[in-house]
Amino acid sequence: MRWSELFIPTLRDDPAHAEAASHRLLLRGGFIRQLAAGHYSMLPIGQRVRAKVDGIIREEMDAIGGQQVHLPALHPAEVWRQSGRWEAMGEEMFRLEDRKGVDHCLGMTHEEVIALLAGEVFSYRDLPQIWYQIQTKFRDEPRPKAGVLRVREFTMKDSYSLDVDQAGLDVAFDLHHQAYTAIFRRCGLEAMDVVASSGAMGGSESVEFMVPSPAGEDWIVTCDGCDYRANLERAVSVTPEIEDGPSQGRTEPLATPGIRTIRALADAHPDRAAPERQIKTLVYVVDGKLTLVLLRGDHELLEQKLVDTLGVANLRPAHPDEIRPALGADPGSLGAVGVQHLPIIADHGLAGRRNLVTGANRDDWHLTSVDVGRDIEVERWADLRGVSLGEQCTRCCGTLDVWRGIEVGHIFKLGDRYSRAMGAMVQNAQGDSTPIVMGSYGIGVERTMAAVVEHSHDRRGIVWPVSVSPYHVVITVLRADDPQTLAVGERLYNELTAAGVEALLDDRPERPGVKFADAELIGVPYRITVGPRKLAEGLVELTTRADMGTVEVATVEVTERVVRLVNAALSAD
RNA sequence: CGGGCUGUGGCGCAGCUUGGCAGCGCGCCUGCUUUGGGAGCAGGAGGUCGUCGGUUCAAAUCCGACCAGCCCGACCA
């Protein structure tokens, strides 16, 4: 294509209000424009990049036997009511009514619709199946941010596996794991697979694909001694033993006027109330019911772990006016000693502990010499605490690191939750009717694009890998008004195009600086510079965007050289 | 939803304190010159100053409400 005929509205200045590198550079480079918070238009070169990512995804999905489908984005509420998610999805789902007053929603995901289709599979002989689509999803995010990294309307590749049993699901899951690894590698990303929480999807196992980036919104825990890696929501670490000393026989009250925090109590009584010797008592409302959540004083609750442990959707911290009638004190003086009427869930870090300090359920008083087993009736033990930087790995005793990542993909083993709800049954080899075992697998397409930019840019702009770049090579004609120079540019363009290389001919009547700056901003991996001076010696220049290295090449040889470079880059996948 | 900030030609901003002709840079259009790292000169086009209401002889400017956007947090398959 001739640049002079394209719509590539590059901006000379950084846009205000664009912090994340991908947001800033995709805007400046003329790839995207914002319509509203969380809704972006893809401009021509942005669409080309997205099509490249789509193409890689399709190739890899087809390679594992996936069949592409296309499902409606607008769903009747009835379908979601059948699975119970019409209520469970809450405010994140866009809902609307048609003219007859019937409820509908914009699809956030398609387990229900797929499970309905799966109802047309009757025999295990027709399994396994892998169905996928690349389609727009809608989620009413409370806070869209960072350009296309977190939006309310986006393209997702979602696929679904159907199997007769768990062993089949394991195979489909592994196939997707391999396909995702290949997809992200081909997009130039170093995506890491980490153990993850299944959240509201349900299911037995899930793995996220994370790209390390400060722009990411998830926290990832990795070990420096082994290959342990997990989302913070699932990560565990060694809890060092604390020496509590002998039991004191019974609890003792301690006047603590005005003290409301773990820190303040530790400062007031450093001898016996260090944070690790206190019990942190939190009160949550779980499905409408007050529940006490206990952790060691120096540990933080990771709410997702509580959600996963209890298997509930509705959970929030209790308000003080709900707590006082139940426990008789305000937050700051709460404890679980003697509490019989509320469920108590405690973190493993408190197991077997003695001589601890906790609130007395009486304002301005605490209790000392508290033994967890003796004085507190824990109904359920669980891993509830968040891992911190520098703690020990449970597998190898190595040191844990915590860093930010962008979630570009997530794969789930769902089981039969949706097939049961939607009536997707097959007959197995024994002739018994059995629910289809499903898996669900997603990739955020624009988020993957943005992750590539986050991962690969410099002060000049984006550095696309050949595989997803809007063009493979840009031919920068320095004097587009000089017929001979332009003719050489056009000849190279025609040769490259004929050889299957996607070339962009910069024939604009701009000065060289403008053309160089734009080419670097939009990140095309190779640039051929055609100027009258070098041309007189039969030479052009070939510049590699990644390192900005430039070599002079004979005009007659440059096409072959670029074809070789591009093909090498594409086949390296 | 809580906290902070911002809304003025396409982009980046000034003007607001102290009310009085709506400005600057870039970009855009025309012409001439220029052409290896975001050119120069000359002449132009383009703005309901986020919206609504109030105060006033007079509002971009003061007051109120609302809307939108950005950042932090909460939230988030």
Side-chain angles (χ1 to χ4, degrees), chain A residues 7 9-20 23-24 27-28 30 33-39 80 83 85 88-93 107-112 137-147 149-152 154 156 158 160 196-203 206-208 215 217-218 231 233 303-304 307-308 313-317 407 409-414 417-418 439-444 460-461 476-482 485 506 508-521 527 529-536 539-541 543 548 550 552:
Chain A
F7 181 55
T10 58
L11 302 174
R12 182 172 294 214
D13 299 314
D14 277 338
H17 309 307
E19 297 263 311
H23 188 196
R24 178 170 51 83
L27 276 174
R28 264 195 74 189
R33 284 295 184 265
Q34 183 185 63
L35 178 63
H39 300 269
W80 288 75
S83 70
R85 290 207 293 182
M89 283 307 187
E91 293 188 312
E92 206 183 338
M93 189 149 73
M108 316 168 59
T109 176
H110 282 74
E111 283 76 18
E112 283 82 356
K137 296 287 188 283
F138 299 87
R139 295 179 188 186
D140 192 353
E141 291 287 343
R143 182 152 96 84
K145 60 173 292 197
L149 273 177
R150 182 164 211 81
V151 291
R152 306 207 301 172
F154 62 99
M156 176 186 268
D158 47 323
Y160 305 87
S197 160
S198 299
M201 291 291 287
S206 89
V207 169
E208 287 172 330
E217 298 187 273
D218 286 271
N231 189 305
E233 294 174 351
E303 230 172 71
Q304 187 67 44
V307 170
D308 291 345
N314 285 317
L315 180 150
R316 63 170 172 83
E407 179 192 345
H410 199 161
I411 59 180
F412 299 86
K413 291 185 181 177
L414 292 176
R417 169 178 170 184
Y418 297 94
S440 165
Y441 316 87
I443 292 177
R460 300 168 189 270
T476 302
V477 179
L478 291 185
R479 289 292 301 270
D481 60 335
D482 174 49
T485 309
D506 190 352
R508 296 175 300 168
E510 295 288 348
R511 294 168 61 85
V514 173
K515 296 188 172 200
F516 293 148
D518 275 345
E520 286 148 17
L521 176 62
R527 183 179 85 210
T529 307
V530 182
R533 290 185 200 165
K534 295 288 182 208
L535 220 47
L539 299 173
V540 295
E541 286 167 350
T543 302
M548 291 304 291
T550 297
E552 294 182 350

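Note on naming: letters A, B, ... go to the chains in the order of the sequence lines (proteins, then strands), and numbering restarts at 1 for each one. This structure is a prediction, so every number in the text was calculated from the model and none was measured.
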Closest-nucleotide ordering on RNA chain B, the 5'-leading residue of A/R527 and A/E407
A/R527
Using the closest heavy atom to pick a nucleotide of RNA chain B for each, name whichever of A/P15 or A/A36 lands nearer the 5' end.
A/P15
Would you measure the distance from the [atom1] atom in [N] across to the matching atom in [M] and give it in whole Å?
N: B/U48; M: B/A60; atom1: P; value: 13 Å
N: B/A68; M: B/G50; atom1: C1'; value: 7 Å
N: B/C5; M: B/C62; atom1: P; value: 16 Å

Counting side-chain heavy atoms from CB outward, which of [options] is closest to [X]?
X: A/P512; options: B/A39, B/G36, B/C75; value: B/G36
X: A/K534; options: B/U35, B/C13, B/G36; value: B/G36
X: A/R143; options: B/G36, B/A74, B/G25; value: B/A74
X: A/L11; options: B/G69, B/A39, B/C11; value: B/C11
X: A/R460; options: B/A39, B/G36, B/G37; value: B/G37
X: A/R28; options: B/G69, B/G38, B/C75; value: B/G38
X: A/E19; options: B/G36, B/G69, B/C71; value: B/C71
X: A/L478; options: B/C70, B/G25, B/G36; value: B/G36
X: A/D13; options: B/C28, B/G37, B/G25; value: B/G25

Using the rule given for side-chain hydrogen bond (donor to acceptor under 3.5 Å, both in side chains), can you reason through A/K137 versus A/H110, listing the C-alpha separation, both sets of side-chain angles and the distance that settles it, and then say yes or no?
CA-CA 9 Å; A/K137 296 287 188 283; A/H110 282 74; 3.3 Å; yes
On the nucleotide [N], are OP1 or OP2 found under 4.0 Å from the side-chain N or O atoms that [X] carries?
X: A/K145; N: B/C72; result: yes
X: A/Q34; N: B/C70; result: yes
X: A/R12; N: B/G27; result: yes

Do A/E520 and B/G38 share a donor-acceptor pair, side chain to base, under 3.5 Å?
no
Test for a donor-acceptor pair under 3.5 Å between the base of B/G38 and the side chain of A/D518, counting only N and O atoms.
yes
To the nearest angstrom, how far is A/L149 atom CG from B/C71 atom P?
10 Å
Name the pairing partner of [N], where a pair is Watson-Crick or G-U wobble with both distances under 3.5 Å, or state none.
N: B/C70; answer: B/G4
N: B/C24; answer: B/G12
N: B/G64; answer: B/C52
N: B/G46; answer: none

Residue set satisfying salt bridge (Lys or Arg N to Asp or Glu O under 4.0 Å) with A/E92, at least two apart, ordered chain then number -> none
A/D13: partners by salt bridge (Lys or Arg N to Asp or Glu O under 4.0 Å), with sequence neighbours left out
none
Looking at every heavy atom in both A/P15 and A/R28, which two are closest together, and how far apart are they?
CD-CG, 3.5 Å
